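Treat the numbers as computed from the prediction; the structure is a model and nothing was measured. Throughout, a chain's letter reflects where its sequence line sits, starting with A, and its residues are numbered from 1. Reckoned from all heavy atoms, side chains included, excluding hydrogens, waters and symmetry mates.
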There are 2 protein chains.
Amino acid sequence: MSTIGKALSLLDLISELDKDIGLSDLARLSALDKATARRFLVELERHGFVEQDEETRRYRLGAAPVRLARLRQARFPFVAVAAPFVKALAEEAGETVHLSEFSGGRLSTIHVEDSAQAHRVIVDPGAVLPFHATASGLAYLAFLPPGEIDRALARPLERFSAHTATDAGAVRTLLRETVERGYSISQQGFEIGVISAAAPILTPGGRPMGALAVAAPTARADMARMHEIGRKAAAAARGIAEKYYGGRT
Amino acid sequence: MSTIGKALSLLDLISELDKDIGLSDLARLSALDKATARRFLVELERHGFVEQDEETRRYRLGAAPVRLARLRQARFPFVAVAAPFVKALAEEAGETVHLSEFSGGRLSTIHVEDSAQAHRVIVDPGAVLPFHATASGLAYLAFLPPGEIDRALARPLERFSAHTATDAGAVRTLLRETVERGYSISQQGFEIGVISAAAPILTPGGRPMGALAVAAPTARADMARMHEIGRKAAAAARGIAEKYYGGRT
DNA sequence: AAATACTGGTTCAAATATTGAACCTCAAGG
DNA sequence: CCTTGAGGTTCAATATTTGAACCAGTATTT
């Protein structure tokens, strides 16, 4: 792996932590030499991607991504365009809705609208969604070209809960159903107690670039209701794509 | 410079462009070899920091920073905390207000609230603010430890308009006034037709970490009014710091 | 329609940056 | 006051990066 790749992986690692981390711990966690980790950190800090606490000498995610995100969103206002659809869907379904975007080989949550209900599903903003174990991931995978699906299912599928489909064949069945219906349903595949329905957001070329998902507590999630929610999510996802790509070539 | 630094500089360069760019152009602009630029781009793309248009093969800023920005803002909700103050100040002053944060050696705009007036100053979101030529930069510089001010003024000061103070001595005078008043005023130092007043946002340790600036068209900007606006900006900046650092150690 | 001048992308020996064990200093704990 | 682990640094050995030259393809120009 190139130096750049290693440094960006280190940045990823830091981003996943929710508290500051010291040099030695970071070197251990990243399996990099202490001297190497430090050189990377210094370089990342020079560019604002990492910040070192003056006092504790520990490191954390810096502010530079905020500026880059702003520029990205000015040119591709995906979140801004999708937000009203997400909100409307959250109100209509009465459940937490989250939007994810594919980037850097991963599907990451980029917007969340909480349900108004007291008993609701909490979604981490910035969380990375596994392709085979979440409704969003299945919705995304299902509409990918066959070759890419194969590659995604070639490596071992991690188990997140007792209900995770870790068998490639089982996942393929879920994907077939997803393509037929236009939306996916994941029953506690990622987290116990949560059932989700999700629809892909497709580029004009028909390629998925993200997903829109509704997450409900099992207590409120009978299948008839989830299917209805799935249809609504699919309609909203189409609406987002139309509006987002409407003003472009 | 390390490979990482070069790659991040390349990313910076891409971020400054407001349209996609081809490999050859990018290699020229960055003064990197084409092969090198390409390797960097591939690596940056693998991590989502850069995106290649499937069709045109041109490159652009990717979506990864959006996720990182989200995580950063979840832990350090600087923009979220400051936004109400920015909005209130924009209404009170009747002018465009922008918030900047120091990161990666630069002061970057991270939030803008436009004035309600038809004739108003437009601020680029994501723009980098030169220290010696903007009110925000002066407010930031003025409260830095002397040694760091010296370093900032040691290199040649770029001229942005006919009114830019490019002489270190002249800048030092502006900085002295800024410290005395608690806010800076820049008269068309960055852009002709714009007068700004800005106040630093200080950490509990007394170190500046950003600035709050009000930008008015010269037509509406007599000095008495700018001083009044400056005082209001200083008060708002203190309010932001208090609220932002209030809940921390 | 042939020639030219660009693209984006690739190759591989030469040049250079990266690596990491050992080292330093300092602070906290036993 | 000795040990441990912290952050940080050094420099010879080493692995990676570099870039001139090379494709193949596509607009432009002649």
For the ring-ring contact (aromatic ring centres under 6.0 Å, His included) test, which of A:Tyr140, A:Phe143, A:Phe160 pairs with A:Phe131? A:Tyr140

When you compare the side chain of A:Glu43 with that of B:Ser2, does any pair of heavy atoms fall below 4.5 Å? yes

Go along nucleotides 24-30 of chain C 5' to 3' and tag each nucleotide: B for a protein heavy atom under 4.0 Å from its base, S when only backbone or sugar atoms are that close, - otherwise. -------

Earliest and latest nucleotide of DNA chain D, 5' to 3', sitting under 4.0 Å from a non-hydrogen atom of chain A? D:dA6 to D:dT17

Assess whether a salt bridge exists between B:Arg58 and B:Asp53, defined as any Lys/Arg side-chain N lying under 4.0 Å from an Asp/Glu carboxylate O. no

Any B:Arg57 side-chain nitrogen or oxygen under 4.0 Å from OP1 or OP2 of C:dG8: no

Rounding to a whole Å, what distance do you find between B:Asp33:CG and C:dA15:C1'? 13 Å

Among B:Ile201, B:Leu107, B:Leu202, B:Thr203, which residue meets the side-chain contact (heavy atoms from CB on, under 4.5 Å) test with B:Pro208? B:Leu202

Going by heavy atoms in the side chains, are A:Asp167 and A:Leu157 under 4.5 Å from each other? no

Phosphate oxygens OP1/OP2 of C:dT18: is one of them under 4.0 Å from a side-chain N or O of A:Thr36? no

Could you state the atom-to-atom distance from CG of B:Leu41 to C1' of C:dG9 in whole Å? 12 Å

Hey, are the side chains of A:Leu11 and B:Leu68 touching, using non-hydrogen atoms and a 4.5 Å cut-off? yes

Both B:Ala35 and A:Val42 contact DNA chain D. Taking the nearest nucleotide for each, which residue is further toward the 5' end? A:Val42

Just to be sure I understand the geometry, which residues of residues 1-22 of chain A put a non-hydrogen atom under 4.0 Å away from DNA chain D? A:Ser2, A:Thr3, A:Gly22

Sequence neighbours left out, what passes ring-ring contact (aromatic ring centres under 6.0 Å, His included) with B:Phe49? Give chain and number order. none

Grab the CG-P distance between B:Leu26 and C:dT7 for me, whole Å please. 12 Å

Please check if atom CZ in B:Arg46 has more than 12 non-hydrogen atoms from other residues, nucleotides or ligands closer than 6.0 Å. no

Close side-chain approach of B:Ser108 to A:Arg70, heavy-atom, < 4.5 Å: no

To the nearest 10 degrees, what angle separates the axes at the start and end of the helix from C:dA1-D:dT30 to C:dG30-D:dC1, five pairs each? 30°

Can you name the residues that form a salt bridge (Lys or Arg N to Asp or Glu O under 4.0 Å) with B:Arg176, not counting sequence neighbours? none

If you assign each of B:Arg38 and B:Arg28 to its closest nucleotide in DNA chain C, which residue comes earlier from the 5' end? B:Arg28

Below 4.5 Å, heavy atoms only, C-beta onward: do B:Leu212 and B:Phe85 meet side chain to side chain? no

Mind checking B:Glu43 for me? I need base, sugar-phosphate or nothing, with any heavy atom below 4.0 Å counting as a touch. nothing

Find out whether B:Leu141 and B:Thr178 are in side-chain contact, i.e. whether some heavy atom of one side chain is under 4.5 Å from a heavy atom of the other. no

Counting C-beta onward and ignoring hydrogens, is there a side-chain heavy-atom pair between A:Ile14 and A:Leu26 closer than 4.5 Å? yes

Rounded interatomic separation in angstrom, taking CZ from B:Arg39 and P from C:dT10: 12 Å

Just wondering, do A:Ile149 and A:Val171 contact through their side chains at under 4.5 Å, heavy atoms? no

Under 4.0 Å, heavy atoms only, any strand: does A:Arg58 hit a base, just the sugar-phosphate, or nothing? nothing

